Amino acid sequence: MLVSLRWLRDYVDIDLAPAALADCLTMAGLEVDAINEAAPEFSRVVVAKILSLKPHPDSEKLSLCEVTTGTGILSVVCGAKNIQAGDVVPLALVGAVIPGGHTVQSSRIRGERSEGMLCSEEELGIGPDHTGIMILPSGLALGQDLKDALDLRDIVLDIAITPNRSDCLSVFGIAREIAALTGKKLRTPEIRLREGEEEIRDLTSVQIQDPDLCPRYTARMVRNVAVCPSPPWMRRRLESVGLRAINNVVDVTNFVMLEWGQPLHAFDYRFLEEGRIVVRRSREGETFVSLDEKERILRSDTLMICDGIKPVAIGGIMGGLNSEVKDDTRTVFLESAYFDPVSIRKSSRWLSMSTDAAFRFERGIDPDGVVRALNRAAQLIADLSGGTICRGHIDEYPRKIESPRNIPLRLSRVREILGMDIAPLESVRLLESLEMKVLKGDELHYRVTPPTFRVDISREIDLIEEIARLHGYDRIPATYPAISILSKERDRRQILEEQIRNLLSGYGYSEIITYSFIPAKAVDDLGLPAGDARRAAVVIRNPLTEDQSVMRTTMIYSLLETMRKNAHAGCFDLKLFEIGRTYQAGQPGSLPLEKNNMGGLLTGARYDHRWHYAGIDSDFFDLKGCLEGLFESLKLASVKFRTDLHEPFLHPGRSCRIAIGEDRLGFLGEVHPDVLTRLGLKNRAMVFEMDLDVLAGHFSSALSCSDISKFPASSRDVAFLISRDQTAEEIIQISLDMHEELLENVFVFDVYEGHGIPEKMTSLGLRFSYRAHDRTLTDQDIGQAHNAIVRRIMEISGAKIR
Amino acid sequence: MIHDLEELRVKAIAELDQAQTEDALLSIKTRYLGRKGLLTGMLRNVSQATTEERPLIGKRSNEIKEILTEAVDEALRRLSKKKREQALQEEKIDVTLPGRAVRPGRLHPIIRISREICEIFAGLGFSVVEGPEIENDYYNFEALNIPKDHPARDMQDTFYIEENIVLRTHTSPVQIRTMEKQKPPVRILSPGRVYRPDSDISHTPMFHQIEGLLVDRGVTFGDLKGVLTFFIGRIFGEDTAIRFRPSFFPFTEPSAEVDIRCVMCRGTGCRVCGQSGWLEILGSGMVDPAVFKNVGYDPEEVSGFAFGLGLERIAMLKYGVSDIRLFFENDWRFLEQF
């Protein structure tokens with residue numbers, strides 16, 4: 001909220017410099033976001049006196065003026081007719097900047113020298129008058145800067161008011177807070193009502209049909225008003241806080257809202273049919289044109305202010321075009337009411353109308369301030385428009401608005417919450433400075449009644465906060481809690497994630513974080529068929545953009561997008577991984593299923609493009625090897641890569657399922673070229689995705705160790721000719737299934753296809769290593785075991801020895 | 001005769017010094033020390049010497065034989081060393097060429113900060129707990145004392161899935177879920193993704209928060225100040241000036257916003273701190289009794305404090321990141337710096 005310092009000073013003396021005041025408010029919970037100097041946007045405009053005036057020799061419209069600034073005499077050419085010798089006027093000196101950015105220059109106008117410019121109110125932006133030069137009071141010191149001479153400078157504070165402090169949504173409210181904080185006396189503006197003879201009750205009536213939404217409605221009427229622009233002081237007040245001045249009636253309602261925080265509305269009485277007000281809920285589908293000239297379609301629970309026939313305002317939100325105050329308005333019907341905060345909030349949100357009035361009503365206004373604001377506005381309208389206030393006011397108050405009274409406060413509790421003693425007298429003083437009434441029970445038990453404008457205070461803890469806030473958080477000593485011992489085993493998945501991050505970054509993979517939302521069309525880009533569970537995405541009702549409209553069901557799209565963006569920036573070599581969630585839509589009304597996943601992507605050169613190995617592209621086995629290393633480090637021996645995978649977005653011949661034990665863990669493979677094309681990617685890429693919850697289920701940070709043999713190992717190499725349909729894994733598995741004790745390990749040392757090998761066959765070179773725990777093996781031992789294994793492989797797989 | 005011997009010694013040594021190859025050395029050796037060599041030849045004439053001279057000549061010639069043998073060996077060692085040095089020279093490489101790269105992977109800056117914070121609090125016995133990112137309205141708002149149609153909802157714009165299901169706007173719902181399941185004492189930290197519909201240089205629709213909660217008997221606002229001061233000292237340096245100022249969060253009371261002295265201008269005022277000299281770092285407060293009641297804790301029995309902070313903000317300040325969107329664009333030139 002913007003608050004002018006000059007305005008604040010109407011109600012409280014402020015000795016502090018603006019920065020110190022801002023600091024004081026900030027440390028009391030009214031955070032000052034900015035301190036702005038507010039002054040009309042001109043410079044080098046000074047007070048000058050016209051010494052003589054004579055007609056321009058070459059123009060009938062212009063005159064030549066001799067003016068003095070007290071020290072020298074200047075000649076100025078001027079076109080206005082309202083000036084004469086002896087007038088004190090604003091003079092823009094050569095080099096002056098006037099609103100709109102125009103710079104005044106020394107010039108010749110029709111052959112006559114002009115060394116400045118005499119200005120109108122409007123030209124200086126300090127008033128609406130553009131009919132002639134602004135005539136200043138004659139007592140002003142010549143040569144003085146006009147801003148100082150007219151005291152036009154102001155400071156405007158921008159204060160962030162938290163939603164609980166509706167009492168500070170007004171200048172008076174903030175003045176009240178400053179008074180409490182600085183110990184200065186608060187000055188309440190005096191209201192002098194001069195009522196006429198005519199009785200308001202003879203002219204109008206108010207009927208509240210829905211008191212749950214409008215518990216209180218008060219009104220006054222002012223007759224014989226003359227609608228015109230407000231005087232400069234009023235305009236400056238409103239403009240200083242960013243409001244546009246309109247006319248002396250509407251400006252007063254805005255002024256009083258800013259002064260007291262009570263929104264008001266002024267109707268033109270002549271448009272109120274039957275001359276009366278009915279407050280009721282709207283009818284479903286009813287239409288209404290608000291002041292901003294927009295047609296609104298209403299719901300049945302919106303509170304409307306109506307005359308005898310039709311709606312004339314959306315209660316607490318905005319007036320209607322059909323009853324607005326116009327230039328020829330003579331009788332004003334002035335409304336000051338209390339509307340139910342929840343109802344106002346619902347309606348203003350439903351209608352998307354966040355007005356200054358709604359903002360205040362939904363936060364809760366002072367129920368006891370309604371009539372004061374009404375009287376204040378009636379007085380000001382009468383003052384500014386020359387109207388007469390009708391005798392009496394209407395106060396329909398069918399439902400009492402409860403304000404908390406006698407809230408118990410235990411001083412022991414203050415200590416328990418804050419961790420320090422605040423002397424009883426000091427607590428009382430602090431509360432009383434906020435206009436709270438404190439009743440003493442015994443020594444340490446009080447009963448506190450907050451003022452009605454403090455709608456945020458209803459509980460003991462609210463009082464304790466006020467004491468802490470005013471005492472000053474900085475004066476509460478920092479301590480350490482005496483905490484109980486808590487022993488909790490760390491979550492297995494969290495340990496796993498930490499290890500994965502360490503390992504993968506060691507392997508050269510960098511972690512990324514991408515948005516959890518993806519475009520709805522991502523599933524099409526990935527080629528997911530109808531019925532694929534990953535098409536059942538959680539949809540965001542109010543996305544910011546189409547590209548962020550559904551929650552991802554796979555991490556692959558985000559990885560490929562990251563690749564695309566980097567390629568665009570000229571970076572083609574990437575090793576990436578992400579740990580995050582995927583989301584699967586659940587039953588309506590229940591939460592979606594969130595899975596902890598991890599995905600990765602590899603593309604581009606296997607090594608850096610340096611002199612060592614230029615131009616070797618990474619492939620499937622680079623990424624697979626990285627995952628194998630990962631599983632080995634994590635001691636997950638039961639991971640298997642299976643060929644029974646059909647992922648539409650992966651290369652059918654270069655992808656596999658990853659299984660652990662009996663569980664599905666995820667997949668790994670080269671991205672399908674069609675998908676690359678759809679996403680505008682040129683280079684091959686390898687990706688994987690795994691379910692971390694499944695992985696965590698198999699993960700244990702426990703380790704065990706067995707003895708190592710003291711005896712040497714011997715190895716035997718065999719090259720098998722196998723069909724290309726057969727896999728290395730199934731051949732090796734045959735040997736492992738024999739559970740030969742002496743076989744220590746088997747690995748692939750060579751794979752060869754091509755020259756010398758029959759078509760559709762592969763030469764698979766296996767190295768078998770044998771060792772015993774208790775002796776050095778003889779050739780005979782090894783031969784026996786090895787021959788059995790080789791025979792078995794040939795029998796079962798049909799492989800031949802090359 | 002003795003004189004001749006000495007002359008032979010000097011000459012032999014001079015020749016050895018001159019020899020450049022192993023072969024040359026060996027032929028010198030044979031010429032002087034061989035069975036038909038010069039030294040043996042000289043001894044054959046020993047009969048011509050006087051009786052007094054003879055033993056001396058014998059002794060001296062043995063000495064010279066030893067000297068020369070040693071000199072030959074020395075020369076051989078010298079040559080072989082030289083040869084080896086030459087061979088090594090031929091293997092010379094340009095050591096200034098870059099090594100075979102093991103390009104390290106990088107950890108995302110947000111993860112780095114998250115780890116750092118979790119480690120600091122792990123030392124105080126806080127354990128890490130996670131919760132759903134897609135939440136019931138109840139956990140995200142109502143249980144946290146933010147009723148429907150309450151202006152406090154304006155503090156957090158919200159992505160909706162259904163009427164009562166939202167993308168969580170903060171990590172605070174984890175407080176509620178934890179307290180519902182667990183009796184006090186509680187000491188948890190909950191990092192994670194949160195969502196608000198907002199996008200500009202300082203807002204992204206997804207970002208990260210860490211929520212902290214400590215509930216026990218007799219926990220005070222002074223304790224909140226102590227623990228958070230300790231934390232900020234650890235993460236921004238012990239000499240970081242810090243202030244607690246009153247604020248409002250529906251689920252804490254009293255509530256405090258915690259500011260640190262601007263790390264850019266050190267308090268003189270700059271663009272980063274909006275001329276105030278202070279930077280807002282985290283929100284905190286004593287758990288509101290209404291929240292305790294919602295989870296079945298007795299606010300007369302236990303008290304506690306909660307705090308929440310945005311990881312992007314901390315990372316931006318700590319690493320000097322100027323645009324929050326960089327965290328989620330994953331441009332290698334950005335990631336590479338971590």
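By convention in this document, chain letters (A, B, ...) are assigned in the order of the sequence lines, proteins followed by strands, and residues within each chain are numbered from 1. Just so it is clear, the model here is predicted, and its values are computed rather than measured. In what follows, every heavy atom counts, from backbone to side chain, and hydrogens, waters and symmetry copies are set aside.
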Q: Under 4.5 Å heavy-atom distance to chain B, tell me which part of Ser343(A) shows up: side chain, backbone, both or neither.
A: neither
Q: Kindly say whether Pro477(A) contributes a backbone atom to a donor-acceptor pair with the side chain of Lys225(B) at under 3.5 angstrom?
A: no
Q.
Given heavy-atom pairs under 4.5 angstrom as the criterion, report whether the side chain, backbone, both or neither of Asp491(A) touches chain B.
A. neither
Q: Could you check which of Val227(B), Asn136(B), Leu224(B) has the highest count of heavy-atom pairs closer than 4.5 Å to chain A?
A: Asn136(B)
Q. What part of Asp198(B) gets closer than 4.5 Å to chain A, counting heavy atoms only: side chain, backbone, both or neither?
A. backbone
Q | Check: Asn566(A) side chain, Asn330(B) main-chain N or O, donor-acceptor pair, under 3.5 Å | A | yes
Q. Who wins among Thr562(A), Ile464(A), Asn164(A) for the most heavy-atom pairs under 4.5 Å with chain B?
A. Asn164(A)
Q | Which atom of Glu162(B) lies closest to which atom of Gln587(A), heavy atoms considered | A | OE2-O, 4.4 Å
Q: For Glu130(B) and Arg581(A), run salt bridge (charged side-chain N to carboxylate O under 4.0 Å, His left out): C-alpha distance rounded to whole Å, both residues' side-chain angles, the deciding distance at 0.1 Å, then the answer.
A: CA-CA 12 Å; Glu130(B) 290 169 61; Arg581(A) 294 188 188 172; 3.4 Å; yes
Q | Residue pair Leu574(A), Trp332(B): steps toward the side-chain contact (heavy atoms from CB on, under 4.5 Å) verdict | A | CA-CA 8 Å; Leu574(A) 294 168; Trp332(B) 174 248; 4.3 Å; yes
Q: Starting at CD of Glu253(B), measure out to CD of Glu466(A) and round the result to the nearest 0.5 Å.
A: 8.0 Å
Q. Is there a donor-acceptor pair under 3.5 Å between the side chain of Arg245(B) and the backbone N or O of Asp474(A)?
A. no
Q | Arg112(B)/Glu511(A) ion pair, N-O < 4.0 Å | A | no
Q.
So, taking the atom named OG1 in Thr158(B) and the one named CD1 in Ile540(A), what distance separates them when rounded to the nearest 0.5 Å?
A. 12.0 Å
Q: Examine distances only and state if a side-chain atom of Glu362(A) and a backbone atom of His150(B) form a donor-acceptor pair shorter than 3.5 Å.
A: no
**Q.** Contact check, side chains of Met551(A) and Leu167(B), non-hydrogen atoms, under 4.5 Å
**A.** yes
Q | Arg193(B)/Glu578(A) salt bridge by N-O under 4.0 Å criterion | A | yes
(Q) If I compare all heavy atoms of Arg333(B) with all of Ala569(A), which pair ends up nearest, and what's the gap? (A) NH2-CB, 3.3 Å
Q. Which distance, rounded to the nearest 0.5 Å, do you find between the CE of Met27(A) and the CZ of Phe244(B)?
A. 10.0 Å
Q. What part of Ile35(A) is in contact with chain B, defined as an atom under 4.5 angstrom from a non-hydrogen atom: side chain, backbone, both or neither?
A. neither
Q) Within the distance-only criterion (no hydrogens, no angle test), does the side chain of Tyr473(A) pair as donor or acceptor with the backbone N or O of Ser255(B) below 3.5 angstrom? A) yes
Q. Relative to chain B, which of Ile476(A), Leu591(A), Val342(A) shows the most heavy atom pairs under 4.5 Å?
A. Leu591(A)
Q. Given a strict heavy-atom distance threshold of 4.5 Å, which part of Tyr480(A) is in contact with chain B: side chain, backbone, both, or neither?
A. both
Q. Using non-hydrogen atoms only, which part of Lys565(A) is less than 4.5 Å away from chain B: side chain, backbone, both, or neither?
A. side chain
Q: Measure across Pro151(B) and Arg345(A) and return the closest heavy-atom pair with its distance rounded to 0.1 Å.
A: CA-NH1, 3.5 Å
Q. Arg243(B) and Asp23(A): which non-hydrogen atoms are nearest, and at how many Å?
A. NH1-OD1, 3.5 Å
**Q.** Residue Ile134(B) versus chain A: region with a heavy atom under 4.5 Å
**A.** both
(Q) How close do Ile513(A) and Met206(B) get, counting heavy atoms only, and between which atoms? (A) CG2-CE, 3.9 Å
**Q.** Student check: side-chain heavy atoms of Thr220(B) and Glu416(A) closer than 4.5 Å
**A.** no
Q. Do Tyr515(A) and Thr204(B) have a side chain donor and acceptor closer than 3.5 Å?
A. no
Q. Has the side chain of Asn542(A) got a donor or acceptor atom that lies under 3.5 Å from a matching backbone atom of Tyr160(B)?
A. yes
Q | Leu214(B) versus chain A, the contacting section by heavy-atom distance below 4.5 Å | A | side chain
Q. Checking heavy atoms, do the side chain of Val186(B), its backbone, both or neither come under 4.5 Å from chain A?
A. backbone
(Q) Is Tyr195(B) in contact with chain A via its backbone, its side chain, both, or neither, using a 4.5 Å heavy-atom distance? (A) side chain
**Q.** Which atoms of Arg165(A) approach chain B - backbone, side chain, both or neither, heavy atom under 4.5 Å
**A.** neither
Q: Give the intermediate values and the outcome of side-chain hydrogen bond (donor to acceptor under 3.5 Å, both in side chains) for residues Ser127(B) and Arg490(A).
A: CA-CA 7 Å; Ser127(B) 54; Arg490(A) 268 186 78 191; over 6 Å; no
Q.
For Ala290(B), which atoms come within 4.5 Å of any heavy atom of chain A: side chain, backbone, both, or neither?
A. both
Q) Side chains of Ser516(A) and Glu133(B): closer than 4.5 Å at any heavy-atom pair? A) yes
Q. Quick one: what part of Glu135(B) sits under 4.5 Å from any heavy atom of chain A, side chain, backbone, both or neither?
A. both
Q) Just by distance, do the side chain of Ser510(A) and the backbone of Arg106(B) share a donor-acceptor pair under 3.5 Å? A) yes
**Q.** Most contacts with chain B, counted as non-hydrogen pairs under 4.5 angstrom, among Phe517(A), Phe577(A), Tyr507(A)
**A.** Phe517(A)
Q | Portion of Arg115(B) that has a non-hydrogen atom of chain A nearer than 4.5 angstrom | A | side chain
Q) With a 4.5 Å limit on heavy-atom distance, are the side chains of Glu498(A) and Ile111(B) in contact? A) no
Q) Do Leu418(A) and Pro254(B) touch side chain to side chain, with heavy atoms closer than 4.5 Å? A) yes
Q) chain A heavy atoms under 4.5 Å from Glu300(B): which part of the residue, side chain, backbone, both or neither? A) both
(Q) Show the nearest heavy-atom pair for residues Phe159(B) and Pro543(A), with the distance to one decimal. (A) CE2-CA, 4.1 Å
Q | Heavy-atom check, side chain of Pro481(A) versus side chain of Asp216(B), under 4.5 Å | A | no
**Q.** Which portion of Ile165(B) sits near chain A, non-hydrogen atoms under 4.5 angstrom
**A.** side chain
Q. Can any side-chain N or O of Thr479(A) pair as donor or acceptor with the backbone N or O of Asp223(B) at less than 3.5 Å?
A. yes
